[in-house]
Amino acid sequence: MQLKNDLIPAGSICNISIHNLHRTPEFCPNLDVFNPGRFLPENIKECNLYSYIPFSARPKNYIGQKFALLRLKILIAYILHNFYLKPVDKLDDVKMIGDFILGSPKPLRVKFISIK
């Protein structure tokens, strides 16, 4: 398979670093910034539709995408309406490990401070 200037021989094993793919600025700017509206139709022009794997434009796209996004937005709206979120640990102290899914060897701690 020819990919731009690289030839991948038959029988090769390829690994996609999803963590790096989801944070490549040429595919979508400011990916480390929380922006739930990033994938709204009016904003999608800035991002490559194939750059975010869970909701990409591949032929077998997740069938419950709209339902899942709606539930996620409702949950996030409820939390943000009722709480201030404050990180307990500094970002530099957070370690990520790549396994079947991307995770952290230690829990990521956040304080929920009630607004009411």
Side-chain angles (χ1 to χ4, degrees):
M1 174 184 274
Q2 184 74 38
L3 294 175
K4 292 188 179 180
N5 298 326
D6 299 313
L7 179 66
I8 300 176
S12 295
I13 297 174
C14 297
N15 183 21
I16 297 172
S17 174
I18 295 171
H19 181 267
N20 291 338
L21 175 66
H22 288 176
R23 284 161 182 78
T24 303
E26 67 189 69
F27 295 136
C28 200
N30 302 318
L31 286 168
D32 282 327
V33 174
F34 176 71
N35 179 6
R38 178 182 323 260
F39 297 103
L40 291 174
E42 60 269 18
N43 299 332
I44 199 68
K45 296 174 196 105
E46 297 177 19
C47 298
N48 181 317
L49 289 176
Y50 294 92
S51 65
Y52 189 67
I53 294 194
F55 301 119
S56 69
R58 62 192 184 275
K60 294 183 180 178
N61 193 348
Y62 175 48
I63 195 165
Q65 173 183 349
K66 290 183 181 182
F67 179 66
L69 278 173
L70 182 62
R71 288 188 59 156
L72 181 62
K73 289 175 185 178
I74 290 169
L75 176 64
I76 291 171
Y78 175 82
I79 290 171
L80 295 177
H81 182 73
N82 292 293
F83 298 95
Y84 293 113
L85 301 180
K86 184 176 180 183
V88 174
D89 302 314
K90 294 183 180 180
L91 184 59
D92 292 338
D93 296 334
V94 174
K95 303 291 184 230
M96 302 304 284
I97 55 171
D99 198 1
F100 184 67
I101 60 170
L102 181 67
S104 174
K106 299 187 305 184
L108 301 175
R109 302 179 308 155
V110 178
K111 285 184 186 178
F112 287 73
I113 302 167
S114 181
I115 292 175
K116 298 177 181 178

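Just so it is clear, the model here is predicted, and its values are computed rather than measured.
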Worksheet item: In terms of hydrophobic clustering (I, L, V, M, F, W, Y; side-chain heavy atoms under 4.5 Å; direct or indirect links), are Phe34 and Leu72 co-clustered?
Response: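 Same cluster.
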Path from Leu80 to Leu75 over hydrophobic side-chain contacts below 4.5 Å =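 Yes, Leu80 and Leu75 fall within the same hydrophobic cluster.
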Indicate yes or no: at least one non-hydrogen side-chain atom of [X] is less than 4.5 angstrom from one of [Y].
X	Y	value
Leu85	Lys111	no
Ile113	Phe83	no
Phe112	Asn82	no

Apply the test side-chain contact (heavy atoms from CB on, under 4.5 Å) to residues Val110 and Lys86: give CA-CA distance (whole Å), side-chain angles for both, the deciding distance (0.1 Å), then the verdict.
CA-CA 6 Å; Val110 178; Lys86 184 176 180 183; 5.9 Å; no
* Asked: For the side chain of Ser104 and the backbone of Lys106, is there at least one donor-acceptor N/O pair under 3.5 Å apart?
  ->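 Indeed, once roles are kept as given, a pair shorter than 3.5 Å links the two residues.
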Test item: Asp93 side-chain N/O and Asp89 main-chain N/O as donor-acceptor pair under 3.5 Å
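No: the side chain of Asp93 does not pair with the backbone of Asp89.
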Please enumerate all residues that pass side-chain hydrogen bond (donor to acceptor under 3.5 Å, both in side chains) together with Ser17, with sequence neighbours excluded.
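Once residues adjacent in sequence are excluded, the partners of Ser17 under the side-chain hydrogen bond (donor to acceptor under 3.5 Å, both in side chains) criterion are Asn20.
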Between CD1 of Ile13 and CD1 of Ile8, what distance do you get to the nearest 0.5 Å?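 That separation rounds to 12.5 Å.
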message: Counting neighbours of CE on Met1 that are heavy atoms of other residues, nucleotides or ligands and sit closer than 6.0 Å, is the number greater than 12?
response: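 For Met1, atom CE is not crowded (no more than 12 foreign heavy atoms under 6.0 Å).
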*Which heavy atom in Leu7 sits nearest to a heavy atom in Gln2, and how many Å separate them?*
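Heavy-atom minimum between the residues: CD1-OE1, 3.6 Å.
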